[in-house]
Peer 1: 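Next up is a structure, given as structure tokens.
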Amino acid sequence: MKNAASAILFGCALLISSSAAANEIVIDFEGIAPDTRVDANASPLVISTSQGNVEIDAPDTNTAVNPLNIFDADCGGGDASNCTGNDPDLFAPQQGNVLIVQDETNASQPDDEDAAATFFFDFSHLACEEIEVLGFVSIDATGTSYSTDPSALPGMFTDANLGNLEDGYVGTFTGVIPLPYDIFQLRIDDSGAIDDIKINCIPENDSFLKFDPAAQSILAGQAGFNFHLQMGNPGGFPNAAWSDAELACDTQPLEDLGLVIDLPGINLGRFANVATDVGVDSELVLSGLAQPVINGQFFDVNIPADTSGLATGDYQLDCTLYVPGAAPYTATFDLNIRTQGNQSGGPVNQDTEAEIGFTQSSPVNSNASQWYDTLHVPVEYSNLMPNTIDGHEITCVLSTTGDAYITNAQAWGGFSTVSVSADGTTATFSGATTLQSFQNRNLQLVIDGLYQDTNTSVTCTIDWLDDGMMESDSATLAINN
């Protein structure tokens, strides 16, 4: 079982390009002290950007003795003879800090392993509609290649045509490599280092809008519900145009079916005005921004509603953000009204006051085709009691015949403490805030290390701590690799 220690978080540079629809992010390692070792066998190297986190792993060298490490290619400002690990081949003063796989036969100082290495970049946490790799730097590698296929094995990569860079040569790749899966693999032959991985983060639109979450399943009869929207200017868009921006939500179809919007309770975010019955497709309109939304700024809008009048079934709410000079952008929220015990992913004990389950049907096929694979598992829980509940705790336990482990866990409201055990088998959500009557919330588990032909399952249990008479509830999700 892998040791799922906490990830180490570092920062990198963000360059706003001249294109109105593009953010260029350069991942370098200047903000990290040389000889900072990250055991990617336990947790990936995490680089923080303004668009989210980038995770870096080295799957084919993931052993306990080969951590990722930061090498000072400037060699302390001296000449090549001053390089650590007696390794003048990595002398490249113009690069500063570079990323290597540490040679543990010379473990006392930063020194690159004398073997091939594949660096695995996970860009799935970035707020980008599309991602393109624009360039990277390879140092002292006899060959450099890449792949956009998460399942590609060595020998299936594309040659970067940088030639033999052995004995301290530096090669720079420039081009445009679209990423169909938000995953990029960069491989160096023999030994060497990498640096300056440049990507183009293409936002969904110049004016950005989304529901968070974008879909939810709730119990029939639930009165209190919130439509939560996030919007903002991801970069490169004229700031002044935002003064006339409007958010229009087509609420009338849902209101005709029984939805009631709580107009006084709307959190307008930066908007000053709210109007209703504005046109056929814009029954709820927010306008009058107090100040422009400058590049990189985002804000939230919360629309409370009473959904108790809606019958069981599936519904949609469309909201559109209008910014002068930009194409309108529409976000859609999918709402499912269900009866008790009708949640997918696991049987629900209708005799209990608690419900927990997975929004994915069991079993899930992770499509793991090599040892390194990541699966995001959403979890939903509900209070089925007519009264407010204050004390509750959720524990999720992983069982596997392979090396899978829980690498991360997230809760969107509801808990003050979220932790993952050192061995990666258990995620615990505690320090709960109030859960209203018939309210439901969401969690997410991130499972790493899935491997083909192994079986994995995760069981989540909710315990109600403020009433010893209340029963717990559990659900299990099977993962077939």
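Keep in mind that this is a model prediction, so the values were computed, not measured.
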Peer 1: Do the ring centers of Phe429 and His392 come within less than 6.0 Å of each other?
Peer 2: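 Ring centroids of Phe429 and His392 are no less than 6.0 Å from each other.
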Peer 1: What I want to check is whether the side chains of Asp423 and Thr425 have a donor and an acceptor closer together than 3.5 Å.
Peer 2: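 There is such a pair (donor and acceptor under 3.5 Å, judged by atom type) between the side chains of Asp423 and Thr425.
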Peer 1: Pick one: which of Leu268, Asn226, Leu229 meets side-chain contact (heavy atoms from CB on, under 4.5 Å) with Ile303?
Peer 2: Leu229
Peer 1: Kindly give the heavy-atom pair with the smallest separation between Thr461 and Ser474, and that separation in Å.
Peer 2: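 It is OG1-OG, 2.6 Å.
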Peer 1: Testing the basics here: between Ala73 and Val98, what is the closest heavy-atom pair and its distance to 0.1 Å?
Peer 2: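 Heavy-atom minimum between the residues: CB-CG1, 4.2 Å.
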Peer 1: For residues Phe227 and Phe333, establish whether the separation of their ring centroids is below 6.0 Å.
Peer 2: yes
Peer 1: Could you measure the distance from the CD atom of Glu113 to the CG atom of Asp103? Nearest 0.5 Å is fine.
Peer 2: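 So the gap between those two atoms works out to 4.5 Å.
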Peer 1: Are Leu126 and Ile199 side-chain neighbours, meaning at least one heavy-atom pair lies under 4.5 Å?
Peer 2: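 Of all side-chain heavy-atom pairs linking Ile199 with Leu126, at least one is under 4.5 Å.
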Peer 1: Any heavy-atom pair between the side chains of Val418 and Thr428 that's under 4.5 Å?
Peer 2: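 Of all side-chain heavy-atom pairs linking Val418 with Thr428, none is under 4.5 Å.
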Peer 1: Look only at the side chain of Asp190 and the backbone of Ala116, and say whether a donor-acceptor pair between them is shorter than 3.5 Å.
Peer 2: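 It does not hold such a pair.
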Peer 1: Could you list the donor-acceptor pairs under 3.5 angstrom formed by side chains in residues 136-143, with sequence neighbours left out?
Peer 2:
unit_1: Ser138; atom_1: OG; unit_2: Thr144; atom_2: OG1; d: 2.8
unit_1: Asp140; atom_1: OD1; unit_2: Asp167; atom_2: N; d: 2.8
unit_1: Asp140; atom_1: OD1; unit_2: Gly168; atom_2: N; d: 3.3
unit_1: Thr142; atom_1: OG1; unit_2: Asp189; atom_2: O; d: 3.4

Peer 1: Per the side-chain contact (heavy atoms from CB on, under 4.5 Å) rule, which among Val101, Asp57, Ile197 passes with Phe119?
Peer 2: Val101
Peer 1: Can you list the residues that meet the side chain to side chain contact (heavy atoms under 4.5 Å, CB included) rule with Ala272, with sequence neighbours excluded?
Peer 2: none
Peer 1: State the SG-CD distance between Cys201 and Glu132, to the nearest 0.5 angstrom.
Peer 2: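 Here the interatomic distance stands at 10.5 Å.
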Peer 1: With sequence neighbours excluded, what pairs up with Phe271 under the ring pair (Phe, Tyr, Trp, His ring centres under 6.0 Å) test?
Peer 2: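 Phe299.
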Peer 1: Among pairs that include at least one residue of residues 133-195, which meet disulfide (SG to SG under 2.5 Å), considering only residues two or more places apart or in two chains?
Peer 2: none
Peer 1: Is there a donor-acceptor pair closer than 3.5 Å between any side-chain N or O of Ser416 and the backbone N or O of Gly431?
Peer 2: yes
Peer 1: Applying ring-ring contact (aromatic ring centres under 6.0 Å, His included) to Phe184 and Phe157, what does each step give before you reach the verdict?
Peer 2: CA-CA 11 Å; Phe184 184 64; Phe157 284 39; 8.9 Å; no
Peer 1: Once rounded to the nearest 0.5 Å, what's the spacing between atom CG of Leu68 and atom CD1 of Ile70?
Peer 2: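 If I round to the nearest 0.5 Å, the distance is 8.0 Å.
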Peer 1: Can you list every disulfide (SG to SG under 2.5 Å) pair that touches residues 73-113, not counting sequence neighbours?
Peer 2: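 Every pair satisfying disulfide (SG to SG under 2.5 Å) with a residue in residues 73-113: Cys75-Cys83.
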Peer 1: Verify, without hydrogens or angle tests, whether Glu380 (side chain) and Ile356 (backbone) share a donor-acceptor contact under 3.5 angstrom.
Peer 2: no
Peer 1: Between Ala409 and Ala427, what is the shortest heavy-atom contact and its length?
Peer 2: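 Looking at all heavy atoms of both residues, the closest pair is CB-CB, 4.1 Å.
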Peer 1: Are any of the side-chain heavy atoms of Leu247 and Met231 separated by less than 4.5 Å?
Peer 2: yes
Peer 1: Identify the heavy atoms of Leu90 and Ala193 that sit nearest to each other, and give their distance.
Peer 2: CD2-CB, 4.0 Å
Peer 1: Test of understanding: with side chain to side chain donor-acceptor pair (under 3.5 Å), list the residues that count as partners of Thr459, not counting sequence neighbours.
Peer 2: Thr476
Peer 1: With ring centroids as reference points, do Phe29 and Phe71 lie under 6.0 angstrom apart?
Peer 2: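 Between Phe29 and Phe71, the centre distance exceeds or equals 6.0 Å.
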Peer 1: To the nearest 0.5 Å, what is the distance between SG (Cys319) and NZ (Lys210)?
Peer 2: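 It is 15.0 Å, given to the nearest 0.5 Å.
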Peer 1: I'd like to know if the side chain of Thr407 reaches the main chain of Ile447, judged simply by a donor and an acceptor atom lying under 3.5 Å from each other, with no hydrogens or angles considered.
Peer 2: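 Between the backbone of Ile447 and the side chain of Thr407 there is no qualifying donor-acceptor contact (under 3.5 Å).
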Peer 1: Asp196: what forms a side chain to side chain donor-acceptor pair (under 3.5 Å) with it, not counting sequence neighbours?
Peer 2: Gln95
Peer 1: Just to verify, what does Pro93 make a side chain to side chain contact (heavy atoms under 4.5 Å, CB included) with, not counting sequence neighbours?
Peer 2: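 For Pro93 the side chain to side chain contact (heavy atoms under 4.5 Å, CB included) partners, ignoring immediate neighbours, are Asp74, Phe91.
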Peer 1: How many angstroms lie between atom CD of Glu55 and atom CG of Asp448, to the nearest 0.5 angstrom?
Peer 2: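 Taking CD in Glu55 and CG in Asp448, the distance rounds to 7.0 Å.
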Peer 1: Checking Asn69 against Asp35: is there a side-chain donor and acceptor pair closer than 3.5 Å?
Peer 2: yes
Peer 1: Working to the nearest 0.5 Å, report the span between CG of Asp182 and CZ of Phe121.
Peer 2: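 The CG atom of Asp182 sits 14.0 Å away from the CZ atom of Phe121.
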Peer 1: Which residues satisfy the side chain to side chain donor-acceptor pair (under 3.5 Å) test with Asn82, sequence neighbours excluded?
Peer 2: none
Peer 1: With Ala331, which residues qualify under side chain to side chain contact (heavy atoms under 4.5 Å, CB included), at least two apart?
Peer 2: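 Partners of Ala331 by the side chain to side chain contact (heavy atoms under 4.5 Å, CB included) criterion, ordered by chain and then number, come out as Leu209, Phe211.
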Peer 1: Among all residues two or more places apart in sequence or in another chain, which pass the side chain to side chain donor-acceptor pair (under 3.5 Å) test with Thr330?
Peer 2: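 Applying side chain to side chain donor-acceptor pair (under 3.5 Å) to Thr330 gives Thr320.
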Peer 1: Could you list the residues that satisfy side chain to side chain contact (heavy atoms under 4.5 Å, CB included) with Tyr169, not counting sequence neighbours?
Peer 2: Leu165
Peer 1: So Leu445 and Leu398, side-chain contact (heavy atoms from CB on, under 4.5 Å) or not? Walk me through it.
Peer 2: CA-CA 10 Å; Leu445 304 174; Leu398 184 84; over 6 Å; no
Peer 1: Can you give me the closest heavy-atom contact between Glu30 and Asn97, atom names plus distance?
Peer 2: OE2-N, 2.8 Å
Peer 1: Which atom names give the shortest non-hydrogen contact between Leu443 and Ala411, and what distance separates them?
Peer 2: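 The pair with the smallest heavy-atom distance is CD2-CB, 3.6 Å.
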